[in-house]
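For reference, the structure is listed below as structure tokens.
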Amino acid sequence: MVNHPQKAKLYPSNTFTTRIDKIVYGGYGLCNYNGIKVFVPYGVPLDYVQLKIKERKKTYYKATIHKLIEPSPFRTTPPCQYFTVCGGCDLQHIKYENQLRIKQEFFIESLQRISKLNLKDLPALSSSQPFHYRNKTQYPLSERPLRIGFYQKFSHNVLNIDQCL
């Protein structure tokens, strides 16, 4: 009988270094640690990062970027001052042309999963104006204190927003 060494498990506050493989729906970077998926908010494909485990689930981990060792060529500075606080946008830290490719992949993956059609290349539609073009927005209200704006990321707290890109 062959005795295989157990793969090391990570626990909250453990760190490890890796490269982000891709973006998944919701704007999470995705990578693997010993075959376990790791979800990373604000990770960008090809970022070389040191991650810190924040939560360990049965089949995946959640981690945060502890140190950005080598930023991805797709990474950019988000233009919105509320980007990491507001729950409205997930991809502003990625260059627009790469956002289009990522959204195209989300769309194709969703269509394939739902319809079982084998779709390959559906064109992404770009805009000459990547901001200030939404045809629908929702503005939640809070009573005490009275606020109008957007929900803070991962909460139902209303964030006062002076302007939205």
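Every heavy atom of this structure was used, including side-chain atoms; hydrogens, water molecules and symmetry mates were not.
- Tyr151 shares a hydrophobic cluster with Val158; the chain of contacts runs through ILVMFWY side chains whose heavy atoms sit under 4.5 Å apart.
- A donor-acceptor pair under 3.5 Å is formed between the side chain of Ser72 and the backbone N or O of Pro45.
- Residues forming a side-chain hydrogen bond (donor to acceptor under 3.5 Å, both in side chains) with Lys153 (at least two apart in sequence, or on another chain): Asp90.
- The closest donor-acceptor contact from the side chain of Ser127 to the backbone of Gln129 lies under 3.5 Å.
- Hydrophobic cluster of Leu165: the remaining members, joined at side-chain heavy-atom separations below 4.5 Å, are Phe131, listed by chain and number.
- Under the 4.5 Å side-chain heavy-atom criterion for Ile, Leu, Val, Met, Phe, Trp and Tyr, Leu68 and Ile20 are members of the same hydrophobic cluster.
- In terms of hydrophobic clustering, with Ile, Leu, Val, Met, Phe, Trp and Tyr side chains grouped at heavy-atom distances under 4.5 Å, Tyr33 and Ile65 are assigned to a common cluster.
- Scored by the ring-ring contact (aromatic ring centres under 6.0 Å, His included) test, Tyr48 finds no partners at all (sequence neighbours excluded).
- A donor-acceptor pair under 3.5 Å links the side-chain atoms of Lys95 to the main chain of Pro73, judged by distance alone.
- The side-chain contact (heavy atoms from CB on, under 4.5 Å) with Val44 is formed by just one residue from the set Asp47, Leu46, Val40; it is Asp47.
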Start with the C-alpha gap between Leu51 and Thr64, add the side-chain angles, then the distance that decides, and say whether side-chain contact (heavy atoms from CB on, under 4.5 Å) holds. CA-CA 6 Å; Leu51 298 178; Thr64 56; over 6 Å; no
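- Taking NE2 of His93 as the reference point, atom CZ of Phe83 lies at 5.0 Å (rounded to 0.5 Å).
- Residue Ala63 comes nearest to Val38 through the heavy atom pair CB-CG1, 3.8 Å, listed as atom of the first residue, atom of the second, then distance.
- Scored by the ring-ring contact (aromatic ring centres under 6.0 Å, His included) test, Phe74 finds no partners at all (sequence neighbours excluded).
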Would Glu55 and Lys57 satisfy side-chain contact (heavy atoms from CB on, under 4.5 Å), going step by step from the backbone distance to the final call? CA-CA 6 Å; Glu55 198 172 341; Lys57 299 289 188 175; 2.7 Å; yes
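- Membership of the apolar cluster around Tyr96 extends to Leu100, as traced through chained side-chain contacts below 4.5 Å between ILVMFWY residues.
- Applying the 6.0 Å contact sphere to CZ of Phe106 captures more than 12 heavy atoms from other residues, nucleotides or ligands.
- In this structure, Leu141 belongs to a hydrophobic cluster whose other members, linked by side-chain heavy atoms under 4.5 Å apart, are Tyr82, Val85, Tyr139, Ile148, Phe150, Leu159, Ile161.
- Summarising the geometry, atom CG belonging to Asn98 is positioned 12.0 Å from atom CD belonging to Gln104; distances are rounded to the nearest 0.5 Å.
- In this structure, the side chain of Gln99 engages the main chain of Leu91 through a donor-acceptor pair within 3.5 Å.
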side-chain contact (heavy atoms from CB on, under 4.5 Å) between Asp21 and Leu30: does it pass, once the steps are laid out? CA-CA 6 Å; Asp21 297 322; Leu30 179 70; 5.5 Å; no
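- With sequence neighbours excluded, the residues satisfying side chain to side chain contact (heavy atoms under 4.5 Å, CB included) with Pro41 are Tyr28.
- Within the structure, salt bridge (Lys or Arg N to Asp or Glu O under 4.0 Å) pairs that include any residue of residues 29-45 do not occur (at least two apart or interchain).
- Looking at Lys103 and Glu105, no side-chain N of the basic residue comes within less than 4.0 Å of a carboxylate O on the acidic one, giving no salt bridge.
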side-chain contact (heavy atoms from CB on, under 4.5 Å) evaluation trace for Lys62 with Tyr60: CA-CA 7 Å; Lys62 289 183 179 179; Tyr60 66 92; 4.0 Å; yes
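- Atom CD of Glu70 is separated from atom CZ of Arg75 by 12.0 Å, given to the nearest 0.5 angstrom.
- With sequence neighbours left out, the side chain to side chain contact (heavy atoms under 4.5 Å, CB included) criterion links Ser110 to Arg113.
- Scored by the salt bridge (Lys or Arg N to Asp or Glu O under 4.0 Å) test, Arg19 finds no partners at all (sequence neighbours excluded).
- Interatomic distance, CD of Gln50 versus OG1 of Thr17, reported as 4.5 Å (0.5 Å rounding).
- By the rule that hydrophobic residues join a cluster once side-chain heavy atoms approach within less than 4.5 Å of another member, Val49 and Ile53 end up as members of one cluster.
- In this view, Gln112 and Ile108, Asn118, Leu119 satisfy the side chain to side chain contact (heavy atoms under 4.5 Å, CB included) rule, not counting sequence neighbours.
- Rounding to the nearest 0.5 angstrom, the gap separating the CD atom in Gln92 from the OG1 atom in Thr77 is 11.0 Å.
- With ring centers used as reference points, Tyr61 lies 6.0 Å or more from Phe39.
- Summarising the geometry, atom SG belonging to Cys86 is positioned 10.5 Å from atom CD belonging to Gln81; distances are rounded to the nearest 0.5 Å.
- Hydrophobic clustering, with ILVMFWY side chains joined whenever heavy atoms are under 4.5 angstrom apart, groups Val24 together with Phe154.
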